[in-house]
Protein chains: 2
Amino acid sequence: MSIRTGSRESPEMYLKSIYQLGVGDAPVPISTLSNRLGISPVSATEMIHRMEKRRLVKHIPYKGVSLTKRGLKQALAVLRRHRLWERFLTDRLGLPWEQVHDVACSLEHSVGPEVTEPLAADLGEPATCPHGNPIPTAEGEMPSERGLRLHELSAGQRAVVDVIRPENAEILEHLASHGVTLGAELELIEIEPLDGARTISVGSKQVVIGKELASCVVVHPIHA
Amino acid sequence: MSIRTGSRESPEMYLKSIYQLGVGDAPVPISTLSNRLGISPVSATEMIHRMEKRRLVKHIPYKGVSLTKRGLKQALAVLRRHRLWERFLTDRLGLPWEQVHDVACSLEHSVGPEVTEPLAADLGEPATCPHGNPIPTAEGEMPSERGLRLHELSAGQRAVVDVIRPENAEILEHLASHGVTLGAELELIEIEPLDGARTISVGSKQVVIGKELASCVVVHPIHA
DNA sequence: CTTAGGTTTAAGGTGTACCTTATAATAACT
DNA sequence: AGTTATTATAAGGTACACCTTAAACCTAAG
Ligand SMILES: [Mn+2]
Ligand SMILES: [Mn+2]
Ligand SMILES: [Mn+2]
Ligand SMILES: [Mn+2]
């Protein structure tokens, strides 16, 4: 039977986080990483050392970590699995979109391409996850993400919702309850001068959304 | 983010194995268990001790291990997940039946009922896995398995294949290549007096199968 | 009733993945 | 240049899940 647990989980989560925290080729400070993962900086450093031995990351002391070619490839593979499973959970099983992220975070470590690719085929090779984030290709190419954040719109502008990020259950649920879902068309009515809260109209309703929350919504402007 | 790996895998594999090795209420010797799992008896004993603290098993020294109510419930839940994933992999993704067992053995530890039950519904609440083994119900009831093994048939008897067990890739592949698949109708032609090899006819062909292998095939006799 | 063989415990290790509490080293800022 | 805050390392732990070798123990068979 051979049990061989292997535990790919933790290193894969580090890889994914490093990828997602990185902007351009700037190294990610270990503190940022440890913070995101909810792990002590000392433990994160330990893990980074182990991963460096496996040539998954490069650590420049006092600067941060960056992915090697191998690491990047693996990170994108995990991200692909994650988003494909999310699609499966919503499209095939009908789970609510605010719930699928956590489940997918567990499934993403459990299978290889022999399952992922047939799954992608069955789902019709989707380009994005249910929250609008692009799915890396099987070859490890990440489609470039373009788009404005909602808080970057100016008053009077109309736009369509493309992505919600991060994929936090509370955020997703809250936005959805106000009608802010993928594909929704909205108009920015006004910006509160003091706290930066945004009043938007979506559907027939008007909603007020804090600047913080507004920055979670990625849109593309339209002229109507 | 909270990484919390938890590692349900190993204990769950022990539970599943104890369930499958148990006949009736007889305790399973740890040597049998350690053997099945490919783990040293000392390590298995260690694990059993940990599981006993969690009230998953009861260990009677020099006799063996048996599942507690809690342990049994969990074992059947794992088995249900395993067999549902197998069905998913064959029915939805079209993976070959000799390959799905190993993949399912990884997936079975990754999700809870919030996924399993919608999955079961999507699959049409199947009663058996692709290899014919019964799927425990969501309530934790195991449908009783009845049926003769192929090596228990006498010459001249006709029967239909219900289950192949164990779900070993080589065994499955070999049998399938001879036309011995679920639902196949066969007739036992003769039994070799010396080594007990069975000559059977299946489809239009005649095949010789060792006694060992014949015992992996569960059938129900028919009168034709 | 003895004893051989299967079973358990003891002892000491490995590697992973986390923790805390220091202390050292460095980068960036005044 | 000196101070401060961040970052890294050192040291010592925990828990899991495996390993080996050796001694102790029980059971069941002879
Ligand atoms: Mn994950
Ligand atoms: Mn998503
Ligand atoms: Mn398994
Ligand atoms: Mn099966």
Side-chain angles (χ1 to χ4, degrees), chain A residues 1-18 21-22 26-66 71 74-75 78 105-106 108-110, chain B residues 1-18 21-22 26-66 71 74-75 78 105-106 108-110:
Chain A
M1 192 154 263
S2 93
I3 215 164
R4 274 296 76 88
T5 181
S7 199
R8 297 148 67 207
E9 178 149 357
S10 268
E12 285 189 352
M13 288 304 284
Y14 278 77
L15 289 177
K16 217 177 60 166
S17 300
I18 294 165
L21 291 169
V28 178
I30 291 190
S31 55
T32 309
L33 185 59
S34 75
N35 203 45
R36 155 72 69 101
L37 290 168
I39 278 165
S40 81
V42 180
S43 296
T45 307
E46 229 179 17
M47 182 74 218
I48 291 302
H49 287 336
R50 277 194 294 269
M51 289 172 72
E52 210 166 16
K53 273 190 218 131
R54 291 184 228 170
R55 317 221 150 270
L56 293 169
V57 295
K58 194 175 68 174
H59 179 214
I60 304 168
Y62 299 96
K63 285 286 185 289
V65 217
S66 35
Q74 251 191 255
V78 178
C105 191
S106 162
E108 68 192 352
H109 313 288
S110 290
Chain B
M1 190 156 265
S2 92
I3 214 163
R4 273 299 74 87
T5 179
S7 200
R8 297 148 67 205
E9 178 148 356
S10 268
E12 285 188 352
M13 288 304 283
Y14 278 76
L15 289 176
K16 216 176 62 165
S17 300
I18 294 165
L21 291 169
V28 178
I30 292 189
S31 55
T32 309
L33 185 59
S34 74
N35 203 46
R36 155 73 68 100
L37 291 167
I39 278 165
S40 82
V42 180
S43 296
T45 307
E46 228 180 19
M47 182 74 220
I48 291 301
H49 287 336
R50 276 193 294 269
M51 291 172 72
E52 210 166 16
K53 273 189 216 130
R54 289 184 228 171
R55 317 220 150 271
L56 292 169
V57 296
K58 194 175 67 173
H59 179 214
I60 303 168
Y62 298 98
K63 286 288 186 289
V65 219
S66 34
Q74 251 191 256
V78 178
C105 192
S106 163
E108 68 192 351
H109 311 289
S110 291

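What you see below is based on every heavy atom in this structure, not just the backbone, and it leaves out hydrogens, waters and symmetry mates. Note that this is a predicted model, so its numbers are computed, not measured. Convention: sequence-line order gives letters A, B, ...; per-chain numbering from 1.
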* To do: Would you kindly give the CD-to-C1' distance between B/Glu12 and D/dC16, to the nearest whole Å?
  => 15 Å
* Would you say the side chain of A/Cys105 lies within less than 4.5 Å of the side chain of A/Met13, judging by non-hydrogen atoms? -> yes
* Under 4.0 angstrom, heavy atoms only, what part of the nucleic acid is B/Ser31 near: base, sugar-phosphate, or nothing? -> sugar-phosphate
* Asked: Taking for each residue the nucleotide of DNA chain C with the nearest heavy atom, is it B/Pro29 or B/Glu46 whose nucleotide lies nearer the 5' end?
  -> B/Pro29
* Can you measure from CD1 (B/Ile30) to OH (B/Tyr62) and round to the nearest 0.5 angstrom? => 11.0 Å
* Just to confirm, is there a sub-4.0 Å distance from OP1 or OP2 of D/dA17 to any side-chain nitrogen or oxygen of B/Ser43? -> no
* Short side-chain N/O contact from B/Tyr14 to OP1 or OP2 of D/dC16, under 4.0 Å -> no
* **Phosphate contact (C/dC18 OP1 or OP2) by A/Ser10 side-chain N/O below 4.0 Å** => yes
* Structure fact -> The side chain to side chain contact (heavy atoms under 4.5 Å, CB included) partner of B/Ser17 among B/Leu33, B/Thr32, B/Val65, B/Asn35 is B/Leu33
* To do: Starting from the C-alpha separation in whole Å, work towards a yes-or-no answer on side chain to side chain contact (heavy atoms under 4.5 Å, CB included) for B/Glu108 and B/Arg8.
  => CA-CA 10 Å; B/Glu108 68 192 351; B/Arg8 297 148 67 205; over 6 Å; no
* Heavy-atom protein contacts under 4.0 Å, nucleotides 23-30 of chain D, coded B base, S sugar-phosphate only, - none -> --BS-S--
* Structure fact -> Per the under-4.0 Å heavy-atom filter, residues of residues 47-58 of chain B near DNA chain D come out as B/Met47, B/Arg50, B/Arg54
* Take the protein atom CD1 of A/Ile60 and the nucleotide atom C1' of D/dA8, then report the distance between them rounded to whole Å. => 15 Å
* Asked: Who are the side chain to side chain donor-acceptor pair (under 3.5 Å) partners of A/Ser110, not counting sequence neighbours?
  -> B/Ser110
* **Pairing residues for A/Gln74 by the side chain to side chain donor-acceptor pair (under 3.5 Å) criterion, not counting sequence neighbours** => none
Mind listing the side-chain donor-acceptor pairs of residues 37-57 of chain A below 3.5 Å, one per line with the distance, residues two or more places apart or on another chain?
{"residue": "A/Ser40", "atom": "OG", "partner": "A/Ser43", "partner atom": "N", "Å": "3.2"}
{"residue": "A/Ser40", "atom": "OG", "partner": "A/Ser43", "partner atom": "OG", "Å": "3.0"}
{"residue": "A/Thr45", "atom": "OG1", "partner": "A/Pro41", "partner atom": "O", "Å": "2.7"}
{"residue": "A/Glu52", "atom": "OE2", "partner": "A/His59", "partner atom": "N", "Å": "2.8"}

* Structure fact -> Output for pair (A/Tyr14 OH, A/Leu21 CG), nearest 0.5 Å, gives 12.5 Å
* Figure out the CG/P separation between B/Leu37 and D/dA17, and round it to whole Å. => 13 Å
* Asked: For the atom pair NZ (A/Lys63) and NZ (A/Lys58), what is the distance rounded to the nearest 0.5 Å?
  -> 12.5 Å
* Asked: A/His59 has a side chain; which of C/dC19, D/dA8, C/dT7 sits nearest to it?
  -> D/dA8
* Asked: Rounded to the nearest Å, what distance is computed from the CG atom of residue B/Leu33 to the P atom of nucleotide D/dC18?
  -> 11 Å
